[in-house]
Amino acid sequence: MSNKGDELIFVPLGGVGEIGMNAALYGFGPPKARKWIMVDLGMGFASEEHMPGVDLMYPDLSFAEEHRENLLGILITHGHEDHIGAIGELWPKLKVPIYATRFTKNLIEARRLGEPGAPKVDMREVPADGRLNLGPFSIEYVPVAHSIPEANALAIRTPLGMVLHTGDWKLDDTPVAGNSTSEETFTRLGEEGVLALVCDSTNVTREGRSPSESEVADHLAELIRNSPHRVAVTTFASNVARMRAVCLAAQACGRDVVAVGRAMDRVIDVARECGYLDGLPEIRGAEAYGYLPREKVVALLTGSQGEARAALARVSRDEHPEIALSPGDRVIFSSRAIPGNERAVGAIINDLIEAGIQVITDRTELVHVSGHPRRDEMAAMYRWTKPRIAVPVHGEALHLAEHATFARKQGVDQVMKARNGTLIRLAPGEPEIVTHVKSGRIYKDGNVLVDSNDRAIPERRKLAFTGIVSVAIALDRNGEIKSEPSIDLMGLPSYGRKGEVIIDVIGDAVERTLNGLARTKRRDSEAVENAVDRAIRSAVNEVWGKKPACHVMVVEV
């Protein structure tokens, strides 16, 4: 039973208004004494164009840190990086137990917590279809189909009602490996009463229903069987169903499977330990590749997203120490580029084609299906669960807006338009947005975490666009120039639009400025630096059309 003043709260901190970085809080109790649980703790991939030098992004957990004493645990829906990838970096800020099913738990420990210097995280295993109680929350893990084993929705029961948090899911009655999504189970939950459905929006713009993993498996088998030479398949390392399909196809064709890439090796170890590769022949290591006949090998490669250091990129550049492809070989991209990765993936495809290698993608063949629901699948979920409130999550603004419209067409009157940091009261009474809490992104920059407001990233963007001029000027205490200024350029062209030598233009600007300053002015280092800075930027802009960043240093001698 709930007490007077109790409220049920939902606060997304990541993954709402963007793809990736999924992290959400549920709170229960009176405003000054709420207990909290977190669902997922994922990362996102940074765009090199907009965030030079940054590889990864994480959600800002400032709000969760404020309530750490009342945070009861972190519940993981499944093992994709956008749901688990921030654990190694951000868990030390929270230090609460993490709950996950066996495959996901083992994958986190192998991938994120097996690195040097990783924290000793309190990981707790939840059985399939498991339930646990955390304070006022009773949580049921509900298996769903997705592109990784042991994906789960969460039925979160509280004294004020049940929230169904879908995580990533789809409908697939023949998933090859992992769960299916049970109509019976979700209908049961709907009959019990679903206060709010917090649902994946990723594919809401796509009509119909996603094909099954078994259909992809059949088509991969045909492509492998019809290839006269080597076949290389690249996919997400975590897609065990796709890995299993490739192994079965290779077995049927009398080919050996070779796995290439550390991420692939880790997932294979975890999948074998959990029984998802039972009944398959041994998957061999990269060292076996060179000893196998050309027509008797299938290589499973990491690098489907164009990662420069992954196996496929190195193969495409002919830089891999153990794996090489020849004209007439076939590479299958059993994946789709994550938004932002298209250019890197395209560059690898072009390199392969230039080398005479046949490339097959999902643009022409059924070699990949999404792990997210299309509109017919979402309609079924709404029909089964009959929620009173819909909260679209896991998507960019377009996805969330389309999902809101879609939910209303399914008969849901209350649709809450959340964004990261939106604090929504789901119960009691009518749902409403109460306030907005601190949210945002933090960046992994080398080995440190930097706030999104840190000046380093915008400064790098500026440097990438305009370059930098460094000038050192030696003056004595009387303001006399003691030697010729030292000038260095980075990122500027050698010549201006009329052929002017840029470094000479800069040198002339420095000389004119210094000669034009009164001696009393030249005794003020800051005044000299500011005057020279303005002069250089103006002079370069006149001949180049851009104003470079300037670093002017006055040395007193």
Side-chain angles (χ1 to χ4, degrees), residues 10 12 15-20 22 24 39-40 77-78 80 82-83 140 142-148 151-156 162-175 178-213 215-216 336 339 368-419 424 426 431:
F10 173 64
V16 184
E18 65 199 357
I19 300 293
N22 296 289
V39 176
D40 292 329
T77 59
H78 66 284
H80 277 147
D82 59 329
H83 293 257
E140 177 184 356
V142 184
V144 293
H146 188 45
S147 52
I148 191 172
N152 292 274
L154 300 176
I156 302 169
M162 181 209 302
V163 178
L164 184 56
H165 186 107
T166 68
D168 292 355
W169 67 282
K170 64 177 289 187
L171 299 184
D172 191 343
D173 297 329
T174 53
N179 305 320
S180 58
T181 303
S182 168
E183 176 180 353
E184 180 182 357
T185 300
F186 283 96
T187 300
R188 167 178 62 80
L189 294 171
E191 290 172 350
E192 180 182 337
V194 174
L195 171 68
L197 181 67
V198 179
C199 185
D200 181 1
S201 308
T202 308
N203 271 346
V204 69
T205 58
R206 304 189 71 184
E207 296 289 347
R209 176 170 170 160
S210 299
S212 169
E213 275 291 337
E215 296 176 66
V216 175
R336 182 174 295 132
H368 177 70
V369 289
S370 172
H372 303 271
R374 297 185 186 180
R375 292 171 77 90
D376 285 359
E377 297 159 87
M378 295 176 68
M381 180 63 72
Y382 276 95
R383 188 169 62 250
W384 298 338
T385 58
K386 300 179 177 62
R388 187 164 71 84
I389 305 165
V391 186
V393 295
H394 297 180
E396 297 175 344
L398 171 64
H399 305 104
L400 301 180
E402 286 291 327
H403 190 166
T405 301
F406 180 83
R408 291 190 183 96
K409 290 181 180 179
Q410 308 312 305
V412 182
D413 294 328
Q414 301 284 353
V415 179
M416 303 306 296
K417 295 183 178 180
R419 289 295 187 273
I424 300 173
L426 298 173

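As a basis for the values below, the full set of heavy atoms in this structure was taken, side chains included, without hydrogen atoms, waters or symmetry mates. Quantities reported herein were computed from a predicted structural model and do not represent experimental measurements.
Between the CD atom of Glu18 and the CG atom of Leu400 there is a distance of 10.0 Å, given to the nearest 0.5 Å. How far CD of Gln410 is from NZ of Lys386: 12.0 Å, rounded to the nearest 0.5 Å. Note: Ile156 CD1 to Phe10 CZ = 9.0 Å, rounded to the nearest 0.5 Å. Once rounded to the nearest 0.5 Å, the distance linking CE of Met162 with CG of Leu426 reads 13.5 Å.
Remark: the Ser370 side chain and the Ser210 side chain contain no N/O donor-acceptor pair separated by less than 3.5 Å. Asp40 and Thr77 form a side-chain donor-acceptor contact under 3.5 Å, judged by distance and modelled atom types alone.
In terms of heavy atoms, Ala379 sits closest to Phe406 at N-CZ, 3.6 Å. Smallest separation of non-hydrogen atoms from Ser212 and Asp172: OG-OD1, 2.6 Å.
A heavy-atom distance below 4.5 Å is found between the side chains of Glu213 and Val369. Using a 4.5 Å heavy-atom threshold, the side chains of His403 and Cys199 count as touching. By the 4.5 Å heavy-atom criterion applied to side chains, Asp82 and Ile19 are not counted as neighbours. A 4.5 Å side-chain heavy-atom check between Val144 and Thr166 finds every atom pair outside the cut-off. Proximity of Arg188 to Ser182: side-chain heavy atoms (C-beta onward) are nowhere separated by under 4.5 Å. Using a 4.5 Å heavy-atom cutoff, the side chains of Leu164 and Leu197 are in contact.
In terms of modelled atom types and a separation under 3.5 Å, the side chain of Ser201 and the main chain of Val393 share a donor-acceptor contact. Remark: side-chain polar atoms of Arg375 are paired, donor with acceptor, to backbone N or O of Val204 under 3.5 angstrom. In this structure, the side chain of Asp200 does not engage the main chain of Asp168 through any donor-acceptor pair within 3.5 Å. A donor-acceptor pair under 3.5 Å is formed between the side chain of Thr181 and the backbone N or O of Ala145. A donor-acceptor pair under 3.5 Å is formed between the side chain of Lys170 and the backbone N or O of Pro211.
Taking the six-membered ring where the residue is Trp, His78 and His83 present tilted rings, their angle falling between 30° and 60°.
The aromatic ring centroids of His394 and His372 lie 6.0 Å or more from each other.
Under the salt bridge (Lys or Arg N to Asp or Glu O under 4.0 Å) criterion, Glu184 pairs with no residue at all, not counting sequence neighbours. By the salt bridge (Lys or Arg N to Asp or Glu O under 4.0 Å) test, Glu215 pairs with no residue at all, sequence neighbours left out. For Arg374, the salt bridge (Lys or Arg N to Asp or Glu O under 4.0 Å) criterion is met by no residue, not counting sequence neighbours.
Salt bridge absent: Arg209 and Glu377 never bring a charged side-chain N and a carboxylate O closer than 4.0 Å.
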